[in-house]
Every structure is written in C-alpha cells, then in structure tokens.
Amino acid sequence: MTTTSPKPTDAAEATRYRPQEIEPKWRATWAAEQRGTTPDHVPGKDNYYSLVMLPYPSGDLHIGHWYNYTGHDAFSRFMRMRGYNVMQPIGFDAFGLPAENAAIKRNVQPRDWTLANIANMHDQLKLMGANWDWSREIVSCLPDYYQWSQWLFLEFYKAGLVYRTKAPANWCPNCNTTLANEQVVNGRCERCGTEVIRKEIDQWLMRITNYADELLRFDGMDWPEKTVTMQRNWIGRSEGAEVRFTAEVRRAGKKASDADATETVEVPVFTTRPDTIFGVTFFVLAPEHPLVERITTPGRKKAVRAYVEAASHQSEIERQSTEGTKTGVFTGGYVTNPVSGARVPVWVADYVLLSYGHGAVMGVPAHDTRDFAFARTYGLPIVQVVAPEGEEPSDAAQWSESRSAMGRLVNSGAFDGTVAAEAKAAIIAEMEARGIGNRAINYRLRDWLISRQRFWGSPIPIVYCPEHGTVPVPQDQLPVLLPDHVDFKPTGESPLRYVPEFYNTTCPICAGPATRETDTLDTFICSSWYFLRYCDPGNREAPWSQDKVDQWMPVDMYIGGPEHAVMHLLYARFFVKALRDMGHLTFDEPFKRLFHQGMVLGSDNQKMSKSRGNVIAPDAVISQYGADAVRCYLMFMGPFDQGGPWNNQGVEGIARYLNRLWNVAIFAESLPATAKADATPHDITRQQHKVIKRITEHYAHLRFNTALAAAMELTNTLSAARESGEAAQHPTAYREAVAALVRLLAPLAPHLTAELWQRMGHTASVHDQDWPTFDEALTQDAIITVPVQVNGKLRATVEVAADADEATIRAVAEGDAKVQPYLEDKTIRKVIYVPGKLINFVVG
RNA sequence: GCCGAUGUGGCGAAAUGGCAGACGCGGUAGACUCAAAAUCUGCUCUCCGCAAGGGGGUGAGGGUUCGAGUCCCUCCAUCGGCACCA
C-alpha cells in the first residue's frame with residue numbers, strides 16, 4: 001500500500017538536520033571566501049605547517065583517502081582554532097607508470113588522462129569539506145613544477161651527488177623499466193607484480209650513501225619508534241673489517257700458456273668477525289663477481305659458467321625458494337688468507353650478493369650458520385677458532401650447528417687465548433700495520449637509482465655531445481619539456497627515443513649536433529621536495545625563496561601511510577640534508593613530527609580489493625548520510641593509527657548521533673534568552689569543562705575516536721537535561737555547554753557545526769573561533785565516589801566530598817555496611833590510600 | 001628464519017599500575033503512534049540466586065605488587081615488515 005506522506009509543515013519538521021541541504025551550501029560559502037588560503041605570516045600567530053602525503057591522481061578518491069585526509073583536516077582545524085596560522089596544502093604526485101599504462105591500453109595521452117583524473121579528484125576532494133589551501137596546489141607533471149625538479153637534479157649533479165654508471169639493474173620485463181632496489185618487493189615489481197630480473201644498463205644514481213651515517217640520527221624527532229627502527233635497519237650499518245685476500249689469477253687477455261700469464265691480485269672481503277679470520281676454510285664469490293672468470297681453472301670453466309649462467313637467470317624469488325639448501329660450485333682457484341697465510345679454495349655461490357660488501361665472503365663455517373650449511377653440503381673443513389670462556393675446544397666436524405657465541409680464541413696462532421672482542425681490535429691493528437686490511441664500516445643501503453626508461457616523468461636535463469660528452473643543460477634553459485604527443489610501444493626504450501624533435505638537439509657548449517638523455521626521473525624525486533614548493537608555489541625565479549621556506553619549514557606535522565616509512569621518507573630526508581650542504585636550506589630534517597594513519601578494511605575485515613568485492617565507494621555513502629557523518633564515522637571507528645573494518649551500521653549510528661546533536665543544539669533556541677547564570681556551577685557546566693579538557697588532549701594526540709566518545713557523553717548529558725527539565729531551569733548552563741560542544745566538534749563535522757553556530761546568532765564562522773578553554777577547578781566534581789577495597793578486592797564504593805581528607809574517607813569506608821563484614825575480627829595491617837582514586841585495607 | 005605489532009563482550013572498541021568493558025553498533029523490553037518510520041526511556045560480560053548479594057572473567061602459564069588488561073619471564077595464536085647482509 002502506498003500513501004502520500006504529508007508535507008512537513010510543523011515546526012519540528014522545519015528544523016530537521018538535513019546534511020544534503022546544508023553541506024553544499026557551506027562548501028560553496030567556503031570556496032567563495034577562499035577560506036583555506038593561508039598567508040605566510042599573520043601578526044601575533046605562530047605558523048604551523050600541517051602536511052599530508054599528496055595523492056597520486058588515479059582518478060578516484062577511495063575511502064582510504066577520506067580516512068587519511070579527514071584525520072589530517074581535523075587535526076589541522078584543531079591547531080587553527082588553537083591559535084596557529086596553519087598551512088594545509090594539497091597537490092598531486094602526477095608522474096608515474098599508471099598514466100603510461102592507461103595510455104598504452106586506451107590510446108590516450110598520459111597528460112590528458114592525468115589532468116582529467118585531477119579534475120575529477122578536485123570535485124571529490126572538495127566534497128570532504130576539508131580546509132585545503134588550493135592557492136598553493138602543485139601538480140608535479142606540469143612544467144612549472146618539474147622545471148625545478150630538473151633544476152635540483154642539476155644542483156645535485158654539480159655537487160657530485162649524481163653519477164651515471166653501467167651496473168646490474170632490476171629490470172621488470174612487464175613494465176620494461178628499471179626499478180630501484182627499494183622498489184622491488186619480494187623480488188617482484190612493486191607496481192605490476194612481475195618477477196624482476198637483472199640486466200646491465202646505463203643509469204643515473206644519487207649518492208644517498210654519502211649521508212648514511214647522518215640518516216641514522218633522529219635527534220629531537222617525534223617519529224613513531226617503529227619507523228625509526230625500519231629506517232635504521234634499512235640503512236643497516238655494520239662495523240667490522242675489510243680484509244684483502246690475495247689470489248693468483250690469469251692476466252686479462254692472456255692465455256694460460258703465456259709466460260707471464262698470471263698476476264697476483266687482491267680480493268677484498270668485508271667481515272663483521274675479523275676475530276674468526278683463522279677459521280676461514282673456504283672463500284666464496286658472488287656469481288657476478290668480476291674475478292670469477294679469471295680465477296677459474298680451465299678444468300672447472302664449464303661447470304662454473306653453467307652455474308653463473310643459471311644464477312643470472314634466477315630471480316631473487318627463485319634464489320629464496322632454495323631456502324636452507326646452499327648451492328655453489330668450486331672454481332679450482334685458491335686465495336691466500338693474508339693473516340694466517342693459509343690457502344683456501346674459492347667457490348661461487350648465489351647466497352653471496354654482489355651488491356653487499358665486496359661481493360665476497362670469507363667462509364668461517366664454525367661460527368656462521370650459512371657458512372656452516374655450505375661447508376656441510378660440500379664437505380669442506382670446519383675449524384673452531386672461538387671457544388666460550390672455560391670451555392675446552394672440541395672437534396667442530398662433529399657439531400650439528402655453528403656456534404656464534406663469543407669467548408677466547410683458539411687455533412689462532414699468536415692470538416690464542418685472547419678474548420674475542422679484544423682480538424677483533426688486535427687483528428685489525430695487525431692488518432693495518434701490515435697493510436693487508438683495515439677497520440671498515442659497511443652499509444646495507446645502496447645508492448638511489450633515479451633513471452626510468454619511461455615517458456611519463458620529468459626529462460633528465462642532460463645532453464650527449466660527440467665532442468664534449470655528457471653535458472648538463474644550463475639551468476637558465478630549463479625546462480626540458482616533455483613532448484605533447486608520442487607513441488607508446490613498450491620497447492624497453494623510452495618513447496622519447498622516437499621523438500626526433502626531442503631527441504635531436506644541440507650541444508650547449510659547442511652548438512654542434514647532440515642528443516638528449518631519454519631517461520626520465522624517478523617520481524620519488526618529485527615527492528622529495530614538494531613540501532618545499534608549497535611554501536612558495538608561484539615562484540618563477542627559483543624553486544623556493546629562502547625567506548618563505550624559513551617561515552614554514554620544517555614541517556610541524558606530517559601524516560601519511562606507513563608504507564612510506566622507508567623509501568619516500570628516507571629520500572626526502574636525504575634531499576634536505578644534501579640541499580642544506582649546498583647552501584639552499586638552513587635546517588637538517590624535513591619533518592619534525594610524523595604520524596602514520598591505519599588502513600580501512602572491508603566489512604569482512606580484509607584489505608579492500610575489487611577481487612574481494614568489499615570496496616566501499618565514498619560517493620554513495622556521502623550522498624546518503626552526508627560528508628560529516630562519513631568523516632565522523634571514519635574517525636570513530638578506532639584509533640587513527642590503527643584503522644579498522646568498515647561497517648555500514650556504524651555510519652548509520654554516527655548519522656543518528658549527529659541528528660541527536662542537532663536536536664540538542666536546536667533545543668537551546670527554545671530556552672529564554674535572558675535567563676540569569678547559575679550562582680553555583682551546575683553539573684552540566686562541570687561536565688562541559690571535563691569534556692573540554694579530555695577532548696583537547698585527545699585531539700592533540702590524534703585520538704579522534706575517544707574525542708568523539710567524550711563529545712557523545714556531553715551530548716547525552718544535555719539530552720537528559722532536556723528530557724528531565726533541568727535544561728529549562730538552567731538555560732545558561734545548557735546554552736554554554738552547547739556552544740562549547742559545537743566548537744569542540746568543528747574539526748570533525750565542519751558543515752554541521754558551521755550551521756549550528758550560525759543559528760546560534762553568530763556572524764563569524766565557528767571555524768574562526770578560539771578553541772574552548774576549561775577551568776581546572778570545574779573539571780572536579782563536588783562529590784566523588786571512592787572505591788573501597790579489602791585485600792585488593794572491591795567491596796564497596798563510598799561518596800565523599802571532593803576535598804575530604806584521608807582520615808575522613810577512612811572513617812567513612814571503615815564504617816560502610818558492606819565493608820564491615822570483611823574487617824570484623826581482622827587486624828588492619830596497612831591502609832593504601834590513593835587520593836581521588838581508592839582506599840584499600842590490607843587485613844590479616 | 002629474523003624483526004616488529006596485536007590478542008579485552010555477539011561486533012568496533014575504552015581504561016597516567018587503582019571500580020574492566022566508557023562511547024557506539026547489534027539485541028531486547030517499553031513510551032509515543034491507528035500503524036510504521038523517526039525520536040525518547042530501561043536492560044544487555046558470564047555463572048549461582050526470587051532478591052539482597054556472591055563467584056568467575058582481558059589468548060595460556062608463571063612472577064613482581066596492597067592492587068596487573070597495563071610491568072617482567074615463558075609459551076600459543078593472528079597480522080605486518082624484512083629475508084641468505086658475511
């Protein structure tokens with residue numbers, strides 16, 4: 001049966017909360033007054049730089065963006081109301097592979113695809129009601145931005161922090177491009193998941209390793225401990241020694257039959273355990289080690305070449321799958337241990353990586369688990385050289401596993417009996433004296449590969465001249481523009497190679513014919529300095545002016561996902577340190593405080609993905625419940641750094657809450673406006689001050705879930721006061737509590753609170769109000785409830801005046817009828833009294 | 001294998017070493033209504049009990065303490081990250 005519902009004619013209906021009407025109205029108002037625009041300086045206010053990781057313009061704003069940006073917006077608005085001049089910029093990290101994939105797939109230009117996505121995301125971002133400063137927007141794929149990425153590349157080049165070299169690179173056969181080591185995830189391409197293979201290729205790198213030691217310091221930085229640990233592990237500093245073994249190898253280009261066919265070369269190796277040098281029973285080279293070919297004896301050549309060949313075809317994933325079993329092959333060659341003089345066989349094994357240390361390992365099977373497994377597999381000798389204090393050396397050949405415990409040296413010639421820790425220093429000293437080795441520090445961190453054989457990135461401003469070689473483009477000739485229309489063929493070479501008007505150019509030095517570099521820059525370059533450009537986005541003379549950067553940097557709060565804990569956050573730190581040393585910046589670290597938001601999961605508690613069908617599209621939920629409800633629900637879900645599963649009923653609950661809040665606030669309009677204030681503070685007022693205190697602390701720590709819970713408590717108190725008639729008797733207390741509540745929720749529900757504040761008769765926006773303050777005295781109740789324990793077990797609660805002293809409370813507690821039975825016939829041995837908390841009788 | 005995090009009602013979760021489960025969802029009973037929606041009110045960890053009241057309870061087991069979800073040790077489970085780093 002269908003009936004026509006009556007038109008809303010009564011007063012209640014006319015004042016209903018209708019987010020669909022008020023939200024667009026306020027967004028239009030804010031856009032018209034350019035509310036988010038932040039001046040560089042406001043007299044009497046400190047600047048506060050509140051940064052959020054800029055999005056990649058994939059085309060759709062997903063619920064994860066909403067989560068991230070709502071927390072950032074709420075925190076920024078909170079800081080603004082606390083009196084800071086808050087900069088809250090937004091932009092787009094717009095270069096990258098997806099645009100190129102789209103171009104190949106749909107025959108569109110990456111530029112058109114990207115700009116269309118940005119336009120779409122502008123609309124979606126504006127739906128959030130966030131207080132972005134659109135006047136500072138940056139789009140990294142536009143020439144007025146990437147011109148300065150190129151300029152910075154040249155600064156790094158001049159400073160000797162950029163170099164080009166041919167070396168093995170990670171190569172993704174699907175994307176036809178190289179990847180930084182940091183971009184390889186479990187041996188697979190981070191973007192497409194294809195297994196990565198190794199390939200020799202010319203490429204540009206940045207010397208981030210020059211800053212390894214300084215990047216290990218985090219003095220005075222308010223960062224999650226977990227992220228600091230991850231960066232430390234990523235840099236992976238280890239102290240030890242470089243030991244130069246010697247080998248007789250065939251001279252390059254000579255045949256074995258030649259008279260002067262051989263020469264002695266040094267083979268350096270890094271070890272963290274120089275104290276075990278006398279326990280070396282074999283030596284291992286990485287399959288890619290340059291000496292492998294020359295050290296291999298003619299009889300072993302076939303076997304070694306086959307092994308090296310197989311290893312080069314193996315991806316890291318395949319190397320991993322042989323977990324536990326070590327493979328390798330004997331080269332027939334030997335090296336001499338420079339300390340002990342022992343001659344040991346040289347093997348090639350893929351458990352040794354060329355990229356770490358010197359690509360070689362001195363095999364000490366007795367005291368290293370991997371060396372032990374290798375020695376067992378191939379029947380190599382195992383010699384104990386360290387014995388724990390007070391323990392006799394034993395036959396290592398009989399051991400079932402290696403022993404890494406420290407102790408005193410044995411079987412180590414002149415060093416026998418030396419404590420291992422001292423032996424390390426003593427052996428290093430002897431090696432340095434004899435010129436056969438030295439103390440050394442090794443890092444896991446490698447230089448940053450910044451070349452991409454792609455179109456959709458900033459061109460690298462380098463020209464190759466037959467006469468003058470590699471020539472940087474003069475900085476006043478920037479930008480090197482990306483051509484507008486190109487063909488996309490995944491050939492393995494950048495499409496720029498096939499655009500003659502780009503590729504063919506003239507040498508900046510001699511004006512003769514030359515060619516351009518066709519590789520483009522890693523997009524992590526763009527995101528390593530965008531926070532500097534926000535400070536001075538319109539500057540046409542320089543990437544930024546010193547003056548403007550000094551007004552804002554370093555960033556006070558940086559919010560973004562934990563997936564960027566290492567790469568982006570390490571690169572940005574490196575950029576700032578290098579630019580400081582070049583004289584472009586005056587500070588050491590870009591981000592003072594860092595916060596990682598959690599992840600929104602599907603209602604099935606799983607990561608959202610199209611294949612699971614558990615993806616929540618924000619737009620539909622927003623049109624149903626409004627942006628404020630979605631914002632509040634996301635922040636109420638759980639701790640901001642934890643995320644949690646999406647639940648449709650949860651949004652409904654929050655929508656109901658906002659409606660209740662609305663009704664509680666609107667009710668104030670019906671109260672007499674001229675009422676006198678209460679002579680003594682009403683309970684509503686005490687609750688108000690308590691909640692202001694709590695919410696203020698919660699916001700400061702980005703604990704939005706508990707902030708909202710506290711706001712709900714105050715709302716419930718007001719609602720009860722309305723129902724009971726208390727509100728009518730104390731209209732001033734009620735009205736003031738409502739006014740506080742509306743301001744407290746302004747960061748989380750900006751539209752709703754703006755509307756309510758205006759209805760309360762204010763002409764200035766709620767978002768321009770000062771943050772509510774509290775009176776500490778009013779956060780205390782006049783009567784407090786004190787739990788009474790006997791032997792730690794709760795037996796009663798008693799009500800006493802808040803200022804009652806211990807003796808009074810003890811007397812009341814002891815006299816309580818519920819407590820009495822537990823104290824009868826017992827001796828009170830001890831009384832624990834925690835003021836304001838509890839009283840505990842210890843009886844026996 | 002190594003490193004890190006997390007385990008609390010039917011669910012999301014609260015809790016500076018001090019009344020475990022705030023706040024919300026769901027459930028349930030009721031008010032209003034011809035009825036429904038919306039709104040409002042009560043109850044909702046569990047067991048025993050008509051009740052008053054009492055017992056148990058924060059992954060498992062130990063420990064420190066007057067007192068432990070919280071601190072320490074061992075173990076189990078789940079989720080992340082890294083992975084032959086010499």
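Please read all numbers here as calculations on a predicted model, not as lab measurements. Below, chains carry the letters A, B, ... as their sequence lines are ordered, and counting in each starts from 1.
Proximity of A:Lys818 to the phosphate of B:rG53: a side-chain N or O atom is located under 4.0 Å from OP1 or OP2. Remark: A:Asn716 is in phosphate contact with B:rG24, judged by side-chain N or O atoms under 4.0 Å from OP1 or OP2. Distances shown here put a side-chain N or O of A:Asn705 below 4.0 Å from the OP1 or OP2 atom of B:rA14. Between A:Arg656 and B:rA37 there is no side-chain N or O to OP1 or OP2 distance below 4.0 Å. Residue A:Lys226 has no polar side-chain atom (N or O) positioned under 4.0 Å from OP1 or OP2 of B:rU6. For B:rA13, one of the phosphate oxygens OP1 or OP2 lies less than 4.0 angstrom from a side-chain nitrogen or oxygen of A:Gln642. Note on A:Arg444: every side-chain N or O is 4.0 Å or more away from OP1 and OP2 of B:rC82. At the phosphate of B:rG81, neither OP1 nor OP2 sits under 4.0 Å from any side-chain N or O atom of A:Arg232.
Taking atom P in both B:rU58 and B:rC25, the straight-line distance is 27 Å, to the nearest Å. B:rA51 and B:rC45: their P atoms are spaced 15 Å apart (whole Å).
In this structure, A:Leu215 and A:Gln231 have side chains that are not in contact, with every pair of non-hydrogen atoms separated by 4.5 Å or more. A:Val243 has its side chain out of reach of A:Val280: every pair of non-hydrogen atoms, C-beta onward, lies at least 4.5 Å apart.
Each of A:Ala709 and A:Pro787 has a nearest nucleotide on RNA chain B; the 5'-most of these lies closest to A:Pro787. Place A:Gly644 and A:Val269 on RNA chain B by their nearest nucleotides, and A:Gly644 ends up nearer the 5' end.
Aromatic ring centres of A:Phe841 and A:Tyr822 lie farther apart than the 6.0 Å criterion allows. You'll find the ring centres of A:Tyr633 and A:Trp646 inside the 6.0 Å limit. For A:Tyr734 and A:Phe667, the ring centers sit closer than 6.0 Å to each other.
Applying the 90° cutoff around 0 to the glycosidic angle, B:rG27 is assigned anti.
In this structure, CG on A:Asp683 lies 9.0 Å from OG1 on A:Thr717, to the nearest 0.5 angstrom.
Taking the ring centre of A:Trp66 as origin, the terminal cationic atom of A:Arg631 falls outside the region bounded by 6.0 Å and 45° from the ring axis.
One can place CZ of A:Arg660 at 12 Å from C1' of B:rC25, the figure rounded to the nearest angstrom. When rounded to the nearest whole Å, the span between CG of A:Asn659 and C1' of B:rC40 equals 12 Å. Between the P atom of B:rA86 and the CG atom of A:Leu285 lies a distance of 18 Å, rounded to the nearest Å. Rounded to whole angstrom, the span from the CE atom of A:Met637 across to the C1' atom of B:rC23 amounts to 16 Å. If you measure from atom OH of A:Tyr17 to atom P of B:rU39, you get 13 Å, rounded to the nearest angstrom. Atoms CD (A:Glu697) and C1' (B:rA14) sit 15 Å apart, rounded to a whole Å.
Nucleic acid contact for A:Pro639: sugar-phosphate only, since backbone atoms but no base atoms lie under 4.0 Å from a heavy atom of the residue. Heavy atoms of A:Tyr822 sit under 4.0 angstrom from primed sugar atoms or phosphate atoms, though from no base atom.
Remark: side-chain polar atoms of A:Asn647 are paired, donor with acceptor, to backbone N or O of A:Gln649 under 3.5 angstrom.
Test A:Asn791, A:Thr827, A:Val831 against A:Val843 for side chain to side chain contact (heavy atoms under 4.5 Å, CB included) and you get one pass: A:Asn791.
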Secondary-structure notation, RNA chain B, from Watson-Crick and G-U pairs under 3.5 angstrom (| other strand): (((((((..(((.....[....)))((((((.......))))))((((....))))..(((((..]....))))))))))))....
Given the rule in the ring-ring contact (aromatic ring centres under 6.0 Å, His included) test, do A:Phe374 and A:Phe282 qualify, once you have shown the distances and angles that lead to the verdict? CA-CA 10 Å; A:Phe374 192 77; A:Phe282 62 95; 5.4 Å; yes
Could you go through the ring-ring contact (aromatic ring centres under 6.0 Å, His included) check for A:Trp347 and A:Phe283 one step at a time? CA-CA 6 Å; A:Trp347 288 63; A:Phe283 198 89; over 10 Å; no
Detail all sub-3.5 Å separations between protein N/O atoms and N/O atoms belonging to nucleotides 62-72 of chain B.
unit_1	atom_1	unit_2	atom_2	d
B:rC66	O2	A:Asn840	ND2	2.4

